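First comes the structure, then the notes that go with it.
Just so you know, these numbers use all the heavy atoms, side chains as well, and skip hydrogens, waters and symmetry mates. Both counts, for ligands and for their atoms, begin at 1 and track the order of listing. None of these values were measured; they are calculated from a predicted model.
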Amino acid sequence: MLSRSNPATADLVVAIDGPSSSGKSTVARRVASALGLRYLDTGAMYRAVTWWMLDQGIDLADTERVAALVGQVPVRMGMDPASPTVHVGETDVAAAIRESRISAAVSQIATNLTVRADLVARQREIAAEGGVIIEGRDITTVVAPEAPVRVLLTASEDERLARRAHELHGSVDDSAVAATRDEVLRRDADDSTVASFQDAAEGVDVVDSSQMSLNDVVAAVLELVEKRTGIAP
Ligand SMILES: Nc1ncnc2c1ncn2[C@@H]1O[C@H](COP(=O)(O)OP(=O)(O)OP(=O)(O)O)[C@@H](O)[C@H]1O
Ligand SMILES: Nc1ccn([C@@H]2O[C@H](COP(=O)(O)O)[C@@H](O)[C@H]2O)c(=O)n1
């Protein structure tokens, strides 16, 4: 169970956006652990809605039906950064939502504006409680534009393809990278039609992680937290 015992960060909200495979989840979890914050993976919420719609046999192209049903999807997020969980009702979907069939379909759900409005409202409720780092595609601009710390985490296309190919296929050879293009670049192109995560909005700090180790990226984000709020681990 996550203890939210750090009074200095009880009200803090840290917002992180960026394209696929830029390192948002990995970095956000580590920063959350260092600062005693909860961790919210908003991509997992879109994936959970996608999982539920497919499980119910809903045609994702039927945007009106998806829009009518999204309010019923009982997504429950466990926000302990050491062991985040995702349930839909009583079903643990943490592994299922990472399957390639969900990655291939999730942008269809995420580009449904009624779905976005529903999930943004749920995410804003969590942000309003404070004590949380939230990562996704529209956190710095839509979900928590007033957050004191807002970061756009980027990396070059080649680096992001290599990271995902290594994670999914254990290799960065040509065939592994080619097999990863849909998961990374096509998804970014589709997602960019409804969220702005390729360029930083005003007041958002950019961390380009292309040439940085994970430890260095975590340190850079912690430095930004200290610079913007005075709070250090
Ligand atoms: N600075 C880094 N150097 C090397 N590898 C990294 C770095 N940052 C993240 N990674 C690796 O890249 C992969 C993608 O990272 P992660 O899942 O955190 O990205 P993400 O931005 O959350 O992606 P998505 O939005 O698609 O879920 C992981 O295997 C992670 O370990
Ligand atoms: N704030 C967000 C977060 C995510 N999405 C959509 O969910 C997909 C999965 O996100 P991952 O971070 O797990 O890769 C992503 O491709 C987007 O379609 C979003 O729209 N807004």
Side-chain angles (χ1 to χ4, degrees), residues 15-32 39-51 60 70 75 77 81 84 86 93-94 96-100 102-124 126-127 133-145 151-172 176 180-198 207-221:
I16 301 188
D17 284 328
S20 172
S21 306
S22 56
K24 300 180 298 295
S25 330
T26 316
V27 170
R29 282 180 66 178
R30 292 196 192 190
V31 171
Y39 159 67
L40 179 63
D41 175 354
T42 60
M45 298 174 77
Y46 287 90
R47 288 172 180 272
V49 170
T50 306
W51 178 90
L60 303 189
V70 63
V75 178
M77 304 299 293
V86 190
V93 297
I97 63 170
R98 304 292 161 193
E99 290 171 8
S100 57
I102 303 294
S103 299
V106 64
S107 298
Q108 209 173 346
I109 284 293
T111 50
N112 182 313
L113 297 183
T114 306
V115 171
R116 296 201 76 75
D118 183 286
L119 291 187
V120 165
R122 300 189 206 195
Q123 292 155 12
R124 282 182 176 155
I126 294 167
I133 181 162
I134 309 179
E135 55 94 355
R137 305 293 192 288
D138 59 353
I139 314 306
T140 62
T141 54
V142 177
V143 174
V151 178
L152 182 71
L153 181 58
T154 65
S156 68
E157 277 188 11
D158 285 350
E159 177 63 23
R160 292 186 290 110
L161 281 168
R163 287 177 188 173
R164 191 61 95 204
H166 186 263
E167 179 185 315
L168 294 180
H169 307 289
S171 158
V172 292
T180 311
R181 294 188 82 82
D182 181 80
E183 157 87 4
V184 177
L185 302 185
R186 191 274 309 155
R187 211 149 54 90
D188 280 349
D190 288 354
D191 295 341
S192 294
T193 63
V194 287
S196 176
F197 53 84
Q198 306 279 16
V207 175
D208 181 348
S209 71
S210 305
Q211 309 285 333
M212 295 169 76
S213 71
L214 255 176
N215 283 346
D216 286 348
V217 180
V218 171
V221 174

Nearest to atom 9 (C) of ligand 1, what protein heavy atom do you find, and at what distance? G23 CA, 3.6 Å

For atom 27 (O) of ligand 1, find the nearest protein heavy atom and state the residue, atom name and distance (0.1 Å precision). R164 NH2, 3.4 Å

In terms of residue, atom name and distance, what is the protein heavy atom nearest to atom 28 (C) of ligand 1? E167 OE1, 2.9 Å

Selected option - heavy-atom contact closest to atom 4 (C) of ligand 2, from G43, A195, S107: G43

Within-cut-off N or O pair, S22 and ligand 1, under 3.5 Å: yes

Counting both backbone and side chain atoms, is some N or O of R187 under 3.5 Å from an N or O of ligand 1? yes

V27 vs L214 side-chain heavy atoms within contact, under 4.5 Å: yes

Contact atoms of ligand 1, heavy-atom distance to M212 under 4.0 Å: 1 (N), 2 (C), 3 (N)

Looking only at protein heavy atoms, what sits closest to atom 4 (C) of ligand 1 is R163 NE, 3.8 Å

From CA spacing to verdict: salt bridge (charged side-chain N to carboxylate O under 4.0 Å, His left out), R29, D41: CA-CA 9 Å; R29 282 180 66 178; D41 175 354; over 6 Å; no

Heavy-atom distances under 4.0 Å decide this one: backbone, side chain, both or neither, for R47 against ligand 2? side chain

Give me the nearest non-hydrogen protein atom to atom 25 (O) of ligand 1 as residue plus atom name, then the distance to 0.1 Å. K24 NZ, 2.7 Å

If we ignore angles and hydrogens, is there a donor and acceptor under 3.5 Å between the side chains of S100 and E183? no

Looking at NE2 of H166 and OG of S171, how far apart are the two atoms once the value is rounded to the nearest 0.5 Å? 8.0 Å

I need the atoms of ligand 2 closer than 4.0 Å to a non-hydrogen atom of R187, numbered in the order shown. 8 (C), 9 (C), 10 (O), 11 (P), 14 (O), 15 (C), 16 (O)

Do any heavy atoms of R116 fall under 4.0 Å from ligand 2? yes

Give the contacting part of D191 toward ligand 2: side chain, backbone, both or neither, where contact means a heavy-atom distance below 4.0 Å. side chain

Under 4.0 Å, heavy-atom basis, I'd like to know which part of R47 is in contact with ligand 1: side chain, backbone, both or neither. neither

Is ligand 1 under 4.0 Å from a heavy atom in the side chain of A155, in the backbone, in both, or in neither? neither

So, does G43 sit close enough to ligand 1 that a heavy atom of it is under 4.0 Å from the ligand? no

Can you list the atoms of ligand 1 that are under 4.0 Å from a heavy atom of S213? 1 (N)

Tell me which protein heavy atom sits closest to atom 22 (O) of ligand 1, plus the residue, atom name and distance to 0.1 Å. S25 OG, 2.4 Å

Can you tell me if R98 has a non-hydrogen atom under 4.0 Å from ligand 2? yes

Taking atom 18 (O) of ligand 1 as the reference point, the nearest protein heavy atom with its distance: T26 OG1, 2.4 Å

Separation of Q198 CD from D17 CG (nearest 0.5 Å): 11.0 Å

What I want to know is whether S209 and ligand 1 share at least one N or O pair that is separated by under 3.5 angstrom. no

